[in-house]
Amino acid sequence: WFCMARCAVVAYTVVSTGGQPVRAILPIYASASLERPGHAHVAARGVRNGVATPVVPGTATLNLQARRPEPNARHTRQVVPRQQVVPRPCHPGIPRRQVSSPALLLNHMAERYASTSRILMEFVDNSLDDAEALFDAASGAYSRPVTVDVFVSRRERTLRVLDNCRGMPPETLSRVVMRVGESRKRGASFVNGQFGFGMQAFRASCQHLTVRSRSEEATHQIRIARNQSDGFVLEAIEPDRPEGESLGRCGSGTEVVLSGFDTQWIDESFGVEPIADEVESHFERLLGRSNLRVRVIDADAAPGPPNELLCQQIDYAAISPGASVRVHVELGGGQRAECNLCVLPPDRLGTAEQRPARFFASGRRIGGCGATASFARQSANRWTVWSHPQVVGYIDVVGSRAGPLQPVITRDEFKNTRGRDNAYAALMAACEAPLQAAIEAANRAQSERSLSKLEDTLTAVLAQVAEAERREA
């Protein structure tokens, strides 16, 4: 039975017959409003005696003796707001959707991580998130010394992260390690975690994850195997056991051990220097804070230099004075971007300062500006500016997490939000022209220096020729 309205349909189902009054499901009208081509907003509603009412499909009933509704403007054009449509309740006899192998699902999700260093950054990030409770934004310093040490052992195929932050009580440790998709960091303004998945990143590369934490004079640990779905044990560690020795020296803190790395993950990036470079690149916005020390240590060698490296921040204004772009850009939605970009002179290429211009969110790296696909597609200067080898520095997105630039779960791209394109356009308008001018100025200065050097060389050669001719004469 079709009404005269476009896309309007009426359907009912007979529930019972016989001597009892016939009962039927309320008529359901599906009304479409084409506000934009190809986008229909569909809503369901019922009719009782010609009056439109919200209904729950499959639950409300109506005596068929009721007056049959006539199609009119009320029935064919009005779209009931979406919030009035209540989902069909689950039938008791229908089983709920279940995941047959949670461990297998998590392992497949973790495959999104493509490098050892990227996995490791999740656990370093957890330490720095915990340290935020000790940070005083007014002074730009932590209230007490904060240490995060990363131990690298190629021989044992193990990575270990040890911090002296607040640590976790047993109930928090259990929740953080074993509950996936739950994070209490979502409301915090300058911490990274919000998806509750980072602790599971180990599944991409190694066999076991062990997390120990010391808080209020007690140490507990949980150990997870890659293919384990249940049977997790929260274990108390006695002070005299060797597992708790490192945390005992710290007083409080957390120790994470990733062990049994697959052979293919023990590559050139699995070393002290590559990991220190990655930490500096990923957290350089935080490394300048007072009272913070982050080190990478070779666990297979004797302690001390050169087997341990201190991670440090780069001062871009110092390495390229007069060729930097330092601006704050309002992105909308309570977000702003702190831009600190500069152009290296050509003779500085290949040095430690050559870090491509990168996006950060709340102090943590997202990825290179030229390598962030959604941003690069929108810019006409992807290669001439954002991927230019002389352009270094960062764009740090701070402020509301609900703004236009929101990281995806693996933090290497931004979500396709409604305001993302406008935010990108604001960044390009503020940065591209000054960077292009700085690139041209740096290259022009380099050309002048090269010509000057060539002129000096020619002058010296001609002087030698003139001297030789004078002697012959």
Side-chain angles (χ1 to χ4, degrees), residues 112-129 131 148-152 159 161 190-193 198 201 205 265 267-289 292-298 308-320 324-326 337-344 348-373 375-376 385-398 405 407-408 410-414 431 435:
R112 185 66 177 81
Y113 293 91
S115 67
T116 305
S117 57
R118 187 65 189 85
I119 293 170
L120 178 63
M121 293 308 104
E122 293 284 0
F123 298 96
V124 177
D125 212 347
N126 285 339
S127 296
L128 293 172
D129 276 353
V148 180
D149 288 334
V150 180
F151 296 86
V152 183
L159 292 174
V161 180
F190 208 79
V191 296
N192 175 28
S205 61
W265 290 82
D267 55 14
E268 64 278 359
S269 67
F270 202 100
V272 172
E273 289 190 13
I275 289 177
D277 289 342
E278 183 70 9
V279 171
E280 289 182 342
S281 179
H282 197 88
F283 299 108
E284 72 168 273
R285 292 286 288 120
L286 306 182
L287 293 174
R289 292 177 171 182
L292 174 64
R293 182 184 68 177
V294 181
R295 298 181 300 176
V296 182
I297 301 169
D298 187 349
E308 66 178 52
L309 298 177
L310 179 65
C311 300
Q312 297 177 321
Q313 189 184 43
I314 289 179
D315 185 355
Y316 293 102
I319 64 176
S320 185
S324 60
V325 177
R326 305 189 68 177
E338 298 178 356
C339 305
N340 186 5
L341 303 162
C342 75
V343 176
L344 287 177
R348 299 293 291 272
L349 295 178
T351 63
E353 294 91 354
Q354 190 183 353
R355 293 178 183 168
R358 290 147 296 147
F359 277 115
F360 284 69
S362 299
R364 283 78 168 175
R365 183 189 62 195
I366 299 297
C369 296
T372 302
F375 179 78
V385 173
W386 301 111
S387 296
H388 197 286
Q390 292 173 244
V391 177
V392 298
Y394 58 81
I395 298 175
D396 192 7
V397 179
V398 298
L405 298 186
V408 299
T410 49
R411 296 185 61 80
D412 54 4
E413 176 59 280
F414 291 109
C431 299
L435 286 174

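Count residues from 1 along the sequence.
- Within a 6.0 Å radius of CD in Gln313, other residues, nucleotides and ligands contribute more than 12 heavy atoms.
- In this structure, the separation between SG on Cys342 and CG on Leu435 is 9.0 Å, given to the nearest 0.5 Å.
- Here the straight-line distance linking atom CZ of Arg358 with atom CH2 of Trp386 works out to 12.5 Å at 0.5 Å rounding.
- For Arg295, the salt bridge (charged side-chain N to carboxylate O under 4.0 Å, His left out) partners two or more places apart in sequence, or in a different chain, are Asp149, Glu308.
- In plain terms, the two heavy atoms of Glu413 and Ile366 that are nearest each other are N-CG2, 3.6 Å.
- Atom CG of Asp412 is separated from atom CZ of Arg118 by 7.0 Å, given to the nearest 0.5 angstrom.
- Residues that satisfy the salt bridge (charged side-chain N to carboxylate O under 4.0 Å, His left out) test with Glu338, not counting sequence neighbours, are Arg285, Arg336.
- Atom-to-atom distance recorded for Tyr394:OH and Arg365:CZ is 15.0 Å, nearest 0.5 angstrom.
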Please assess Phe283 against Val294 for the test side-chain contact (heavy atoms from CB on, under 4.5 Å), listing each intermediate value before the final yes or no. CA-CA 10 Å; Phe283 299 108; Val294 181; over 6 Å; no
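- For Ala337 against Ile395, the heavy-atom pair with the smallest separation is CB-CG2, 3.8 Å.
- Among all heavy-atom pairs drawn from Cys431 and Cys339, the shortest one is SG-SG, 3.9 Å.
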Would Ile275 and Leu159 count as a side-chain contact (heavy atoms from CB on, under 4.5 Å) if you check the C-alpha gap in whole Å, the side-chain angles of each, and the deciding distance to 0.1 Å? CA-CA 11 Å; Ile275 289 177; Leu159 292 174; 4.0 Å; yes
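- Closest of all the heavy-atom pairs between Gly363 and Leu286 is O-CG, 4.0 Å.
- Separation of atoms CG (Leu128) and CZ (Arg364) is listed at 6.0 Å; rounding is to 0.5 Å.
- The distance from the CG atom of Asn340 to the CD1 atom of Ile314 is 11.0 Å, given to the nearest 0.5 Å.
- Qualifying side-chain hydrogen bond (donor to acceptor under 3.5 Å, both in side chains) partners for Ser117, counting only residues two or more places apart in sequence or in other chains: Ser115.
- The minimum heavy-atom distance between Leu292 and Leu287, with the atom names listed, is CD2-CA, 4.4 Å.
- In this structure a side-chain-to-backbone donor-acceptor pair under 3.5 Å is missing from Ser205 to Thr116.
- The nearest pair of heavy atoms linking Leu120 to Val161 is CD1-CG2, 3.6 Å.
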